[in-house]
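Here the structure is a predicted model, which means the values were calculated and not measured. Here, residue 1 is the first one in the sequence, and each next residue gets the next number.
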Amino acid sequence: MNSLKCHEVSFDYPSGPVLERVSLDLRAGELLVLVGANGAGKSTLLNLIARRLVPKSGSIFIDDTDIAAMTRRELAQQVALMPQHEDRHSQLRVIDVVSLGRTPHCGWWRPMSREDLQIVEESLSATGLTDVRERLIHELSGGQWRRMILARSLAQRSPILLLDEPTAGLDLKYQLEVLSHVRTMIRQRHLIGVVTLHDLNHASVYADRVALLSQRTLIAIGTPGEVLTSDLIEQAFGLPVAVLAHPVHGTPFIVPRYD
């Protein structure tokens, strides 16, 4: 699996259009970060790629196959989605939820193999959840909950990884650890990664490319230096900013111009 393509994808909610003719071409080994104001369509685009939503028009291809032609299991073997919101009322344990990431590969009823169990353990460790593996999920903090959903997505081991605000609710230490781990995994395993983030400075440091959504469409895509400019940020967010060089990484460092 080498490519993911969105070709002129449009989508409407009953309240009105959200995305209009958005096209993306993603490459294996690359982390693409979607940024934009609230309501710009970032989460919607991830849900379209995961086929939780169906485009009004346009198509989405994995390699040369339209995802509309795939079975649910075939798609789940190719695409792992970490959603922003999910029902928390359950008597499952943390390890039970993370183990669900292996379902597309081993099915619902077949016992997990030694390899499956190892992948689950690695996913728990990568997200700092090994010590709470037996805890019931309704007992978790908000940050632990987000890390558990991320661990389930990592356990799925799909070549396309979609993460919707993976750092929401996490303290700074885990924000950086999660983003660093995701970027390393994408490069080492030659995955396609698409992540939505609100923090433009995190996007600047961790993204290979940034896609900026505004007014229902894609207004820019490129390296952080090409996209995270003061003019484009002001256009998308309606906020004047100064863009400096990051003192450590040299990437764009965005500072709002406070009154």
Side-chain angles (χ1 to χ4, degrees), residues 1 4 26 28-29 31 43 46-53 62 67 70-170 174-175 177-196:
M1 201 284 299
L4 169 66
L26 290 87
L31 175 57
S43 297
L46 292 192
N47 281 299
L48 287 165
I49 296 171
R51 215 173 70 189
R52 289 191 168 193
L53 298 172
I62 296 176
I67 66 169
M70 293 180 170
T71 67
R72 279 291 176 188
R73 184 171 183 180
E74 287 172 341
L75 186 63
Q77 289 174 347
Q78 297 294 320
V79 179
L81 170 66
M82 175 186 176
Q84 246 190 89
H85 306 290
E86 196 164 310
D87 184 15
R88 296 188 58 168
H89 301 289
S90 172
Q91 292 300 309
L92 293 175
R93 300 169 301 164
V94 171
I95 191 168
D96 298 327
V97 172
V98 177
S99 296
L100 289 174
R102 301 305 303 156
T103 303
H105 305 281
C106 65
W108 287 102
W109 306 114
R110 183 171 68 83
M112 289 197 296
S113 67
R114 181 177 298 179
E115 180 184 8
D116 292 323
L117 294 170
Q118 181 179 345
I119 289 171
V120 169
E121 293 299 328
E122 290 174 355
S123 302
L124 287 166
S125 176
T127 50
L129 293 173
T130 301
D131 291 344
V132 297
R133 52 186 288 142
E134 298 296 329
R135 187 173 297 179
L136 295 175
I137 64 174
H138 69 264
E139 299 174 351
L140 299 179
S141 70
Q144 289 171 327
W145 175 271
R146 295 294 292 165
R147 284 187 279 140
M148 179 188 69
I149 302 303
L150 174 61
R152 185 186 63 192
S153 299
L154 298 181
Q156 200 167 327
R157 289 288 176 95
S158 300
I160 298 172
L161 186 60
L162 311 177
L163 306 179
D164 198 359
E165 290 294 335
T167 58
L170 302 185
Y174 279 115
Q175 288 179 34
E177 286 187 1
V178 163
L179 291 174
S180 179
H181 177 76
V182 167
R183 183 177 63 178
T184 298
M185 185 177 61
I186 286 169
R187 291 177 178 176
Q188 289 181 346
R189 298 181 186 167
H190 216 51
L191 309 179
I192 291 174
V194 188
V195 177
T196 69

Considering only heavy atoms from C-beta outward, does the side chain of [X] approach that of [Y] to under 4.5 Å?
| X | Y | result |
| --- | --- | --- |
| Leu81 | Ser153 | no |
| Arg52 | Pro83 | yes |
| Leu162 | Ile49 | yes |
| Leu163 | Leu150 | yes |
| Val79 | Ile62 | yes |
| Pro159 | Ile192 | no |

> Picking from Ile95, Leu92, Val97, what satisfies side-chain contact (heavy atoms from CB on, under 4.5 Å) with Met148?
Replying inline: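 Between Met148 and the candidates, side-chain contact (heavy atoms from CB on, under 4.5 Å) is satisfied uniquely by Val97.
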>> So, applying side-chain contact (heavy atoms from CB on, under 4.5 Å) with Val120, which one of Leu154, Leu100, Val98 is it?
In response: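 With Val120 as partner, Leu154, Leu100, Val98 yield a single side-chain contact (heavy atoms from CB on, under 4.5 Å), made by Val98.
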>> Arg93 vs Ile137, test: side-chain contact (heavy atoms from CB on, under 4.5 Å). Steps then yes/no.
In response: CA-CA 5 Å; Arg93 300 169 301 164; Ile137 64 174; 5.8 Å; no
Return the minimal non-hydrogen interatomic distance between [X] and [Y], and the atom names on each side.
| X | Y | answer |
| --- | --- | --- |
| Gly193 | Leu26 | O-CD2, 4.5 Å |
| Thr196 | Pro166 | O-CD, 3.5 Å |
| Val132 | Val94 | O-CG2, 3.3 Å |
| Arg146 | Ala168 | CG-O, 3.2 Å |
| Ala155 | Ile119 | O-CG2, 3.5 Å |
| Ala151 | Ser123 | O-CB, 3.4 Å |

Salt bridge (Lys or Arg N to Asp or Glu O under 4.0 Å) with [X]: which residues, sequence neighbours excluded?
| X | value |
| --- | --- |
| Glu121 | Arg133 |
| Arg51 | none |
| Arg152 | Glu86 |

>> Going by the rule side chain to side chain contact (heavy atoms under 4.5 Å, CB included), which residues pair with Ser125 if we only count those two or more places apart in sequence or in a different chain?
In response: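 Testing Ser125 for side chain to side chain contact (heavy atoms under 4.5 Å, CB included), a comparison that skips the adjacent residues, returns Thr130.
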> Around Glu115, counting heavy atoms of other residues, nucleotides and ligands shown, do more than 12 lie under 6.0 Å from its CD?
Replying inline: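 Result for CD/Glu115: open.
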Atom [atom1] of [X] and atom [atom2] of [Y]: how far apart are they, to the nearest 0.5 Å?
| X | Y | atom1 | atom2 | result |
| --- | --- | --- | --- | --- |
| Ile186 | Leu31 | CD1 | CG | 4.5 Å |
| Gln144 | Ile149 | CD | CD1 | 12.5 Å |
| Asn47 | Leu53 | CG | CG | 5.0 Å |

>> For the backbone of Thr127 and the side chain of Glu177, can you confirm whether one donor and one acceptor N or O come within less than 3.5 Å of each other?
In response: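 No, because the side chain of Glu177 does not come within donor-acceptor range (under 3.5 Å) of the backbone of Thr127.
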> Strictly by modelled atom types, are Asp96 and Ser99 linked by a side-chain donor-acceptor pair under 3.5 Å?
Replying inline: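 There is no such pair between these side chains.
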> For residues 180-191, which residue pairs qualify under salt bridge (Lys or Arg N to Asp or Glu O under 4.0 Å), counting only residues two or more places apart or in two chains?
Replying inline: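 Listed once each, the pairs are Arg187-Asp208.
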> Quick one: salt bridge (Lys or Arg N to Asp or Glu O under 4.0 Å) pairs with a partner in residues 155-166, sequence neighbours left out?
Replying inline: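 For residues 155-166, and leaving out neighbouring residues, the salt bridge (Lys or Arg N to Asp or Glu O under 4.0 Å) pairs sorted by first residue read Glu122-Arg157.
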